[in-house]
Amino acid sequence: MSAIESVLQERRVFPPSEKTSASATISGMDAYKALSAEAERDYEGFWGRLARETLAWKKPFTKVLDESNAPFYKWFEDGELNASYNCIDRHVEAGHGAKNAIVFEADDGAVTNVTYQDLLTRVCRFANALRKRGVKKGDRVVIYLPMSVEGVVAMQACARIGATHSVVFGGFSSKSLNERLVDVGAVALITADEQMRGGKALPLKSIADEALAAGGCEAVKDVIVYRRTGGKVAWTEGRDAWMHEIVENESDTCEPEWVSAEHPLFILYTSGSTGKPKGVQHSTGGLLLWAAQTMKWTFDAKPAEDVFWCTADIGWITGHSYITYGPTAIGATQVMFEGVPTYPNAGRFWDMIAKHKVTIFYTAPTAIRSLIKASEADAKVHPKSYDLSSLRILGTVGEPINPEAWVWYYENVGGARCPVIDTWWQTETGGHMITPLPGATPLVPGSCTLPLPGIMATVVDETGQEVPNGQGGILVVKRPWPSMLRNVWGDPDRYKKSYFPEELGGRLYLAGDGAVRDKETGYFTIMGRIDDVLNVSGHRLGTMEIESALVANPLVAEAAVVGRPDDTTGEAVVAFVVLKRSRPEGDESTKIANELRAWVAKEIGPIAKPKDIRFGENLPKTRSGKIMRRLLRSLAKGEEITQDVSTLENPAILDQLGEAR
């Protein structure tokens with residue numbers, strides 16, 4: 001029996017780490033229970049105390065929570081603050097201007113150190129430039145940039161002047177960018193000439209130009225371009241401007257725009273179960289509070305000592321909460337990187353940890369699984385070949401981590417001395433919700449353990465009734481919390497239907513994940529999505545969005561998309577396709593499948609490309625025309641069909657679709 005098999009069979013519990021806790025962190029299980037009890041006893045008092053202790057307020061709030069228009073909750077609404085001031089100015093004012101805020105490593109390995117004073121200067125200059133171009137409080141600015149210091153500067157500059165930013169992942173297509181520009185009503189777009197990934201220059205400005213040319217973006221008056229590579233780009237005079245030129249003569253100081261705590265800090269689009277992505281709207285005070293507080297609790301962060309590294313992209317919620325806002329809100333030093341974890345070789349992550357003396361490392365299970373494979377193939381890039389002694393905490397983000405990868409991570413990267421913080425949270429939650437705590441929570445591989453203090457999570461059935469521990473059900477949160485989404489941009493009905501459905505009483509937050517709690521410990525284990533949203537490498541993709549892209553191809557008559565477990569990406573996209581012509585076979589099938597993968601990459605982005613495309617003369621449908629997706633999920637996984645198929649109009653089609661391509 002292997003070590004991993006032994007751990008899993010015994011459901012071995014790993015003890016919490018031994019540490020000396022900072023005053024703002026949770027020092028043990030007794031402290032965790034005391035904080036949880038405080039929240040249960042005086043919910044508003046608990047959150048009000050944290051908000052006053054954690055953030056700097058220009059105007060103190062007098063009311064903590066307004067539930068009068070549930071589920072459109074408001075937190076600290078009459079208080080005023082500024083996110084940029086909280087993340088930068090107050091650390092400089094406290095005498096920490098010379099401290100590194102960001103240690104940035106570019107794709108080619110070049111390192112740039114940015115102190116808090118440097119960051120303040122760059123943010124102020126860019127904020128002044130935006131104001132000079134007419135961008136003001138309440139305007140929406142779309143940011144389509146590579147991983148870069150400039151990305152953080154752009155986000156912080158928007159926050160400084162009260163503009164609401166909407167970051168679009170640099171791997172998304174022109175169509176996806178256009179949809180977001182139109183929906184959010186952007187007045188400006190910030191992009192780059194190109195981005196570098198794995199030694200290759202990839203276009204951004206040309207994609208941005210295509211998105212703007214597609215129509216509906218007439219409100220965009222300014223396109224500001226960061227010169228990353230110096231690559232040749234098309235130019236529209238009067239609209240386009242180089243970032244380095246517009247900031248050159250700007251002042252190093254910029255008075256912050258003091259905004260209500262409920263002012264929208266950003267809108268971030270996430271895939272839903274329908275074709276149109278959802279613009280998740282987050283507030284300034286609530287998001288900033290929880291990003292900072294979870295840095296202290298979840299990671300036990302000590303700003304004076306730690307070097308924090310979250311490997312996520314700024315295009316995702318992780319990059320908002322745990323790159324742009326969380327680490328800076330507490331005055332920590334963090335590492336940022338450009339590129340991919342396997343370039344110039346698969347030991348890049350371990351080399352960077354050793355080089356920059358990283359103490360807290362937060363990455364995705366997908367990356368861990370890829371690096372496991374690489375280390376098995378080449379001992380030179382195995383983590384044990386590097387000096388990782390600086391590490392004290394490991395984290396995982398984006399999706400549940402499988403127990404096998406958890407144990408490998410714990411034993412080979414942390415050396416069985418660093419706790420693995422397996423976090424559950426979402427774009428919509430704004431910050432960590434269910435997670436182990438260093439020094440407090442015993443660990444179980446594959447379990448995100450217990451909710452943070454103040455987070456009232458539970459598991460219910462389809463009627464909203466709590467189920468006993470040990471019985472699977474639907475993960476919900478019973479009470480509002482400060483960092484929760486405030487709305488779906490421009491679509492309040494979708495907000496209510498998606499997250500607070502009447503079937504569950506209209507007040508329970510529906511996470512969209514299935515979960516089960518351990519009978520003895522009450523630990524949560526996330527079982528996967530309950531809706532038609534796939535989690536590929538930590539990125540949420542709507543099946544309807546991919547299906548819509550496939551059907552838009554002139555060859556395709558109909559398509560259905562499901563997910564299947566994948567050792568590397570967590571979930572893989574599997575597409576079942578009916579063409580407008582006869583079903584292809586052999587080399588022709590492979591050729592058309594490759595064409596459709598490229599089509600989806602162009603329509604949505606490479607992350608959405610189906611790993612497996614199967615062609616059929618039809619799809620399995622009931623006599624009323626409903627596609628039987630549960631059967632397609634079984635086919636995608638290679639499972640034997642044991643379900644009742646008597647209601648199918650065409651049961652013979654299952655054999656055809658079961659043939660993998």
Side-chain angles (χ1 to χ4, degrees), residues 2 4 105 107 109 146-147 169-171 195-200 202 309-316 318-319 322-323 335-355 358 360-386 388 391 394-415 418 420-423 445-446 528 534-541 563-574 597 601 605-612:
S2 69
I4 289 176
E105 182 168 312
D107 190 65
M147 277 296 288
F169 173 53
Q195 62 179 325
M196 296 299 300
R197 287 182 67 84
K200 298 178 181 178
L202 304 172
W309 183 19
C310 169
T311 68
D313 192 282
I314 57 171
W316 307 109
T318 320
Y322 299 113
I323 294 178
V335 171
M336 284 183 68
F337 92 113
E338 174 189 47
V340 294
T342 53
Y343 178 84
N345 59 61
R348 183 181 186 187
F349 274 9
W350 321 132
D351 179 65
M352 286 183 63
I353 290 170
K355 183 194 307 183
V358 173
I360 304 171
F361 181 59
Y362 192 37
T363 195
T366 296
I368 296 168
R369 289 189 289 265
S370 295
L371 296 171
I372 290 173
K373 288 183 179 181
S375 68
E376 290 174 346
D378 183 359
K380 292 180 181 178
V381 296
H382 193 284
K384 289 189 175 179
S385 298
Y386 298 80
L388 306 183
L391 287 171
L394 303 175
T396 73
V397 61
E399 58 187 315
I401 184 171
N402 56 305
E404 296 85 353
W406 191 104
V407 175
W408 183 90
Y409 192 37
Y410 178 80
E411 294 183 342
N412 293 280
V413 180
C418 301
V420 175
I421 307 303
D422 178 7
T423 58
L534 308 182
N535 196 325
V536 180
S537 298
H539 309 322
R540 292 186 66 196
L541 300 169
R564 74 169 181 219
D566 185 90
D567 288 343
T568 300
T569 60
E571 264 190 302
V573 178
V574 180
R597 289 189 184 95
I607 194 70
K609 286 195 298 187
K611 188 167 188 177
D612 185 5

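- Nearest heavy atoms, Thr396 versus Thr423: O-OG1, 2.7 Å.
- Between Asp612 and Arg564 a salt bridge is recorded (basic side-chain N to carboxylate O distance below 4.0 Å).
- Across all their heavy atoms, Cys418 and Leu394 have their closest contact at CB-CG, 4.0 Å.
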Verdict with reasoning, Ile323 to Met336, per side-chain contact (heavy atoms from CB on, under 4.5 Å): CA-CA 8 Å; Ile323 294 178; Met336 284 183 68; 4.0 Å; yes
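- Residue Val340 is tested with Met196, Lys200, Arg348, Arg197 for a side chain to side chain contact (heavy atoms under 4.5 Å, CB included); the sole match is Arg197.
- Residue Thr569 forms a side chain to side chain contact (heavy atoms under 4.5 Å, CB included) with just one option from Val536, Leu534, Asn535, and that option is Val536.
- With sequence neighbours excluded, no residue forms a salt bridge (charged side-chain N to carboxylate O under 4.0 Å, His left out) with Asp107.
- Of the possible donor and acceptor atoms, one in the side chain of Asn412 sits under 3.5 Å from a partner among the backbone N and O of Trp408.
- Of the residues listed (Tyr386, Phe361, Tyr343), the one engaging Phe349 in a ring-ring contact (aromatic ring centres under 6.0 Å, His included) is Phe361, and it is the only one.
- Aromatic ring orientation, Trp309 versus Phe337: perpendicular (interplanar angle above 60°, classes split at 30° and 60°).
- Tyr409 meets the ring-ring contact (aromatic ring centres under 6.0 Å, His included) test with no other residue; sequence neighbours excluded.
- At least one donor-acceptor pair closer than 3.5 Å links the side chain of Ser370 to the backbone N or O of Thr366.
- Across Asp566 and Arg369, no two heavy atoms sit closer than the pair O-NE, 4.1 Å.
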